[in-house]
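Just below is one structure, and these are the notes that go with it.
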Amino acid sequence: MALHQSDVLIIGSGPAGLTSAVYTARANLNVIVLEGIQPGGQLTTTTDVENFPGFADGIMGPALMEEMRKQAERFGAKLMVRSVEKVELTPNGTQRVYGDGDVFECRALIIASGASARLLGLESEKRLMGYGVSTCATCDGAFFRGKKVAVVGGGDSAMEEANFLTKFADVVIIHRRDRMRASKIMQDRAQANPRIEFQLNSVIDEVLGDREGTGVTGVRVRNVETDAVSDIALDGVFVAIGHTPNTAIFKGQLAMDEQGYLLTQDGTHTSVPGVFAAGDVQDHKYRQAITAAGSGCMAAIDAERYLDGLSDTPPVD
């Protein structure tokens with residue numbers, strides 16, 4: 001079991017984690033980033049990213065994350081592919097993180113482990129993710145201008161995604177029950193929108209299309225009451241059945257809301273002094289690459305200022 005020590009340890013290598021790494025490493029702190037099982041985070045599963053500032057012609061998601069990674073390494077951050085299994089948090093003390101047989105000790109911990117979109121669990125959904133299947137209307141809606149898309153879900157987030165998408169496309173909401181669970185005001189708004197239609201009591205059995213051709217071409221839906229199967233021609237599928245923050249290992253040690261998102265105050269401070277949170281792990285509202293990067297910057301500055309206050313603790317060599 002190897003022991004690794006650092007001034008700052010960052011869990012996660014998406015926009016929040018790598019931005020934190022750039023800022024803390026550039027401040028001449030000893031920084032280690034634990035990349036997790038999906039280095040680069042959710043953006044590595046996307047294709048074109050058109051709404052990240054600085055790229056007038058857009059950039060591929062994996063390419064954007066590779067540039068961020070190189071920038072963090074340029075300033076001296078050490079990136080390691082490790083999956084975190086356990087943490088031991090101590091207020092204003094040494095934070096210990098265990099992953100893949102190694103122990104990591106740090107004076108400041110930044111949690112940027114993100115959130116995972118809940119998916120339908122279909123092989124075709126996974127295969128066509130980024131090729132017409134999406135979990136973010138704000139990110140990808142503009143790619144479907146003048147087309148028809150499906151939104152899967154019946155909650156407030158599904159209604160919000162559907163209404164947003166009608167700026168670009170016609171929308172069919174597919175929901176497995178005979179009624180929505182969204183708030184009445186959100187349902188009324190969707191039902192009053194002439195570009196939205198509803199297919200209730202229905203589930204998607206398969207997303208149709210291929211990665212080599214035009215991407216998504218439709219969905220095969222099944223009526224849960226009659227078992228009747230039919231195909232709907234579509235250009236995209238937006239799955240809006242919620243997100244799960246990657247915070248299970250912090251339960252009982254950090255304050256969370258009822259959904260498991262980490263609670264922060266005065267910037268990015270968590271309930272344990274010396275532990276900070278950035279990105280989708282604490283943001284259930286915006287969930288954008290640029291907002292994650294911004295909060296990663298905030299966490300880095302908060303961590304640097306926290307360490308400056310520990311004047312009696314020498315930095316790690």
Side-chain angles (χ1 to χ4, degrees), residues 38 42 45-47 115-245 259-260 284 287:
Q38 187 179 353
Q42 293 185 66
T45 66
T46 66
T47 50
S116 301
R118 295 178 191 142
L119 299 175
L120 304 175
L122 302 173
E123 184 281 329
S124 54
E125 170 193 45
K126 180 179 179 182
R127 174 169 49 85
L128 291 168
M129 184 65 66
Y131 292 84
V133 176
S134 174
T135 58
C136 180
T138 309
C139 309
D140 299 326
F143 294 118
F144 298 89
R145 196 177 301 274
K147 299 183 178 181
K148 184 175 182 178
V149 301
V151 171
V152 185
D156 279 355
S157 61
M159 300 304 107
E160 186 175 356
E161 298 265 283
N163 274 298
F164 174 82
L165 286 166
T166 59
K167 295 180 179 180
F168 314 102
D170 292 318
V171 177
V172 54
I173 294 176
I174 300 174
H175 185 47
R176 60 181 177 173
R177 304 189 188 281
D178 61 354
R179 64 184 64 186
M180 304 292 174
R181 56 182 173 81
S183 59
K184 186 177 186 302
I185 188 171
M186 294 300 292
Q187 289 190 55
D188 290 346
R189 191 173 299 165
Q191 289 168 348
N193 192 320
R195 300 193 72 179
I196 296 177
E197 61 181 281
F198 295 83
Q199 179 134 351
L200 304 181
N201 291 319
S202 298
V203 294
I204 295 178
D205 281 347
E206 183 180 359
V207 182
L208 307 175
D210 62 82
R211 293 172 59 145
E212 291 72 30
T214 57
V216 169
T217 59
V219 291
R220 182 157 295 149
V221 298
R222 174 172 48 85
N223 186 290
V224 296
E225 293 185 328
T226 66
D227 274 339
V229 175
S230 60
D231 292 350
I232 303 175
L234 295 166
D235 302 290
V237 177
F238 288 81
V239 183
I241 55 177
H243 289 73
T244 302
Q259 295 176 290
H284 58 81
R287 294 197 301 265

Quiz item: Can you list every pair that meets disulfide (SG to SG under 2.5 Å) and has a residue in residues 152-199, with sequence neighbours left out?
Solution: none
Self-check item: Contact list for residues 126-183, test disulfide (SG to SG under 2.5 Å), sequence neighbours left out
Solution: Cys136-Cys139
Considering all heavy atoms, the nearest [X]-[Y] contact:
{"X": "Ala150", "Y": "Leu234", "answer": "CB-CD1, 3.4 Å"}
{"X": "Ala115", "Y": "Pro245", "answer": "CB-CA, 3.7 Å"}
{"X": "Gly154", "Y": "Ala158", "answer": "N-CB, 3.9 Å"}
{"X": "Ile173", "Y": "Gly153", "answer": "CG2-O, 3.5 Å"}
{"X": "Val216", "Y": "Gly236", "answer": "CG1-N, 4.0 Å"}

Once ring-ring contact (aromatic ring centres under 6.0 Å, His included) is applied, what residue pairs with a partner in [range] remain, sequence neighbours excluded?
{"range": "residues 203-232", "answer": "none"}
{"range": "residues 223-242", "answer": "Phe144-Phe238"}
{"range": "residues 171-190", "answer": "none"}

Measuring from [X]:[atom1] to [Y]:[atom2], what's the distance to the nearest 0.5 Å?
{"X": "His284", "Y": "Ser157", "atom1": "NE2", "atom2": "OG", "answer": "12.0 Å"}
{"X": "Leu122", "Y": "Glu206", "atom1": "CG", "atom2": "CD", "answer": "8.5 Å"}
{"X": "His243", "Y": "Gln259", "atom1": "NE2", "atom2": "CD", "answer": "11.0 Å"}
{"X": "Leu165", "Y": "Arg145", "atom1": "CG", "atom2": "CZ", "answer": "11.5 Å"}
{"X": "Asp205", "Y": "Arg222", "atom1": "CG", "atom2": "CZ", "answer": "4.5 Å"}

Quiz item: Who pairs with Phe164 by ring pair (Phe, Tyr, Trp, His ring centres under 6.0 Å), at least two apart in sequence or on another chain?
Solution: Phe168
Quiz item: Val219 pairs by side-chain contact (heavy atoms from CB on, under 4.5 Å) with which of Val152, Ile174, Asp231, Leu208?
Solution: Ile174
Self-check item: Heavy-atom check, side chain of Glu125 versus side chain of Ile204, under 4.5 Å
Solution: no
Quiz item: Given side chains that start at C-beta, do those of Met159 and Val151 come closer than 4.5 Å, heavy atoms only?
Solution: no
Exercise. Assess whether side-chain contact (heavy atoms from CB on, under 4.5 Å) is satisfied between Ile241 and Leu120, documenting all intermediate values.
Key: CA-CA 8 Å; Ile241 55 177; Leu120 304 175; 4.0 Å; yes
Quiz item: Does Asn201 use its side chain to pair, donor to acceptor, with the backbone of Asp178 at less than 3.5 Å?
Solution: yes
Quiz item: Would you say the side-chain atoms of Asp235 pair up with the backbone N or O of Val149, donor to acceptor, closer than 3.5 Å?
Solution: no
Going by the rule side-chain contact (heavy atoms from CB on, under 4.5 Å), which residues pair with [X] if we only count those two or more places apart in sequence or in a different chain?
{"X": "Asp188", "result": "Lys184, Gln191"}
{"X": "Glu212", "result": "Asp210"}
{"X": "Asn193", "result": "Asn163, Thr166, Arg195, Ile196"}
{"X": "Ser230", "result": "Gln199, Val221"}

Quiz item: Got more than 12 heavy atoms from elsewhere within 6.0 Å of CZ, Arg177?
Solution: no
Practice problem: Answer yes or no: are there more than 12 heavy-atom neighbours, outside Arg176 itself, under 6.0 Å from its atom CZ? | Solution: no
Quiz item: Can Met129 and Thr135 be said to form a side-chain contact (heavy atoms from CB on, under 4.5 Å), step by step?
Solution: CA-CA 9 Å; Met129 184 65 66; Thr135 58; 4.3 Å; yes
Practice problem: Tell me, please, which residues at least two apart from Arg211 pass side-chain hydrogen bond (donor to acceptor under 3.5 Å, both in side chains). | Solution: Tyr131
Quiz item: Which residues pass the side-chain hydrogen bond (donor to acceptor under 3.5 Å, both in side chains) test with Thr138, sequence neighbours left out?
Solution: none
